[in-house]
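To find a chain, count down the sequence lines: A is the first, B the second, and so on, and within it residues start at 1. Excluded from the calculations below are hydrogen atoms, water molecules and symmetry mates; all remaining heavy atoms, backbone and side chain alike, are included.
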Number of protein chains: 2
Amino acid sequence: MNISQAAGETGLPAKTIRYYEEIGLVTPLRDSNGYRAFGEADVHKLTFLARSRALGFSIEDCRTLLGLWEDQSRASSDVRTLAKEHLAQIEAKIEDLQAMRDTLSELVEACVGDDRPDCPILKDLASA
Amino acid sequence: MNISQAAGETGLPAKTIRYYEEIGLVTPLRDSNGYRAFGEADVHKLTFLARSRALGFSIEDCRTLLGLWEDQSRASSDVRTLAKEHLAQIEAKIEDLQAMRDTLSELVEACVGDDRPDCPILKDLASA
DNA sequence: CCTTGACCTTCCAGTGACTGGAACCCTTAT
DNA sequence: ATAAGGGTTCCAGTCACTGGAAGGTCAAGG
């Protein structure tokens, strides 16, 4: 399977797949012409990566998860620990963003937004 | 005022302030020894920047906001438009993260997390 | 006067996870 | 023979800093 087909199957851009090979997440074989030849296992890995990345895991986390996935004897608690840590980070980020959103939406509400130069948003930014 | 004092007043790291000068957001004077000399206006600008960045505005947005702030004749609607666009982006990001959080917390719930190799999290990552 | 330590300066490199683009090779069809 | 549409590598850029090296400046203490 060529790279564009692997891209189609996994939903990842070809560029990203090349990058994943460069950093050692996948190692497709090569045809005699130098083209990458993706097998079933490669596509599975890439799908796994696409899904993990979509859930916000970092590349290094993904590397670890892939390792656990391929380790038949891993303990599921290792995976769970990683996932819980990541979940906590996501929740923290959500809270940060919600705080930003709350402040910002107050400011937008407070600003009439007409042609006059008086602007509560700038006032807040300057003074807070 | 030296850079470390400006850093203390604004809460920004000295490194960040130097960076802001490099990209033209502030232009403090220099003492004869080459040290940066921050005046009131510089500190005000830096405070404005710290606050805007804390609300998640990009550097380029901050540059625009600073410009509007210093433009006595700006219309407040310009500011409001920028803020509303930014607010929409933040809200989109919150939704993305909430979707991640929901999926991930389901997976963490589903995973007993014991010493056995069976792991619903990895199963999901591999198949979804 | 010398040293020590805490400042300050500049410049360069690295971060994360790609993404864009140039320059060039391979294959297939016309 | 050529043109289109794959593929390849390598280099540079993104964003907003951050770390570190190498070196200049200043005030206090011995």
First of Gln5(A) and Ser32(B) reached from the 5' end of DNA chain D, by closest nucleotide: Gln5(A)
Taking any heavy-atom pair under 4.0 Å as a contact, classify [X]: base, sugar-phosphate, or nothing.
{"X": "Tyr20(A)", "value": "sugar-phosphate"}
{"X": "Arg36(B)", "value": "sugar-phosphate"}
{"X": "Ile23(A)", "value": "nothing"}

Residue met sooner reading DNA chain C from 5', once Asn2(B) and Glu60(A) are mapped to nucleotides: Asn2(B)
Phosphate OP1/OP2 of dC8(C) contacted by Ser4(B) side-chain N/O (<4.0 Å): yes
Phosphate-side-chain proximity, Thr16(A) and dT19(C), N/O vs OP1/OP2 below 4.0 Å: yes
Bend angle of the helix from dC1(C)-dG30(D) to dT30(C)-dA1(D), end axes from five pairs each (to 10°): 40°
Carboxylate-amine/guanidinium proximity below 4.0 Å for Asp118(A) and Arg116(A): no
Nearest-Å distance, [atom1] ([X]) to [atom2] ([N])?
{"X": "Arg30(B)", "N": "dC7(C)", "atom1": "CZ", "atom2": "P", "answer": "19 Å"}
{"X": "Leu25(A)", "N": "dA17(C)", "atom1": "CG", "atom2": "C1'", "answer": "11 Å"}
{"X": "Asp31(B)", "N": "dT9(C)", "atom1": "CG", "atom2": "C1'", "answer": "13 Å"}
{"X": "Leu46(A)", "N": "dC18(C)", "atom1": "CG", "atom2": "P", "answer": "12 Å"}
{"X": "Arg18(B)", "N": "dT10(C)", "atom1": "CZ", "atom2": "P", "answer": "7 Å"}
{"X": "Tyr35(B)", "N": "dT10(C)", "atom1": "OH", "atom2": "P", "answer": "11 Å"}
{"X": "Ile3(B)", "N": "dT10(C)", "atom1": "CD1", "atom2": "C1'", "answer": "12 Å"}

Listed nucleotide nearest any side-chain atom of Asn33(A), set dT9(C), dA17(C), dT27(C): dT27(C)
Test item: side-chain donor near acceptor, Asn2(A) and Ser4(A), under 3.5 Å: no
Other residues, nucleotides, ligands: >12 heavy atoms within 6.0 Å of Asn33(B) CG: yes
For residues [X] and [Y], report the shortest heavy-atom separation together with the two atoms involved.
{"X": "Ala83(B)", "Y": "Val108(A)", "value": "CB-CG2, 3.7 Å"}
{"X": "Val43(B)", "Y": "Thr10(B)", "value": "O-CG2, 3.9 Å"}
{"X": "Phe38(B)", "Y": "Ile3(B)", "value": "CE1-CA, 3.6 Å"}
{"X": "Leu107(A)", "Y": "Pro120(A)", "value": "CD2-O, 4.3 Å"}
{"X": "Thr47(A)", "Y": "Ala126(B)", "value": "CG2-O, 4.3 Å"}

Salt bridge (Lys or Arg N to Asp or Glu O under 4.0 Å) pairs, two or more places apart, involving residues 13-42 of chain B: Glu21(B)-Arg30(B), Glu21(B)-Arg36(B)
Nucleotide range of DNA chain D lying under 4.0 Å from chain A heavy atoms: dG6(D) to dC10(D)
Backbone of Phe57(A) reached by a side-chain donor or acceptor of Arg53(A) within 3.5 Å: yes
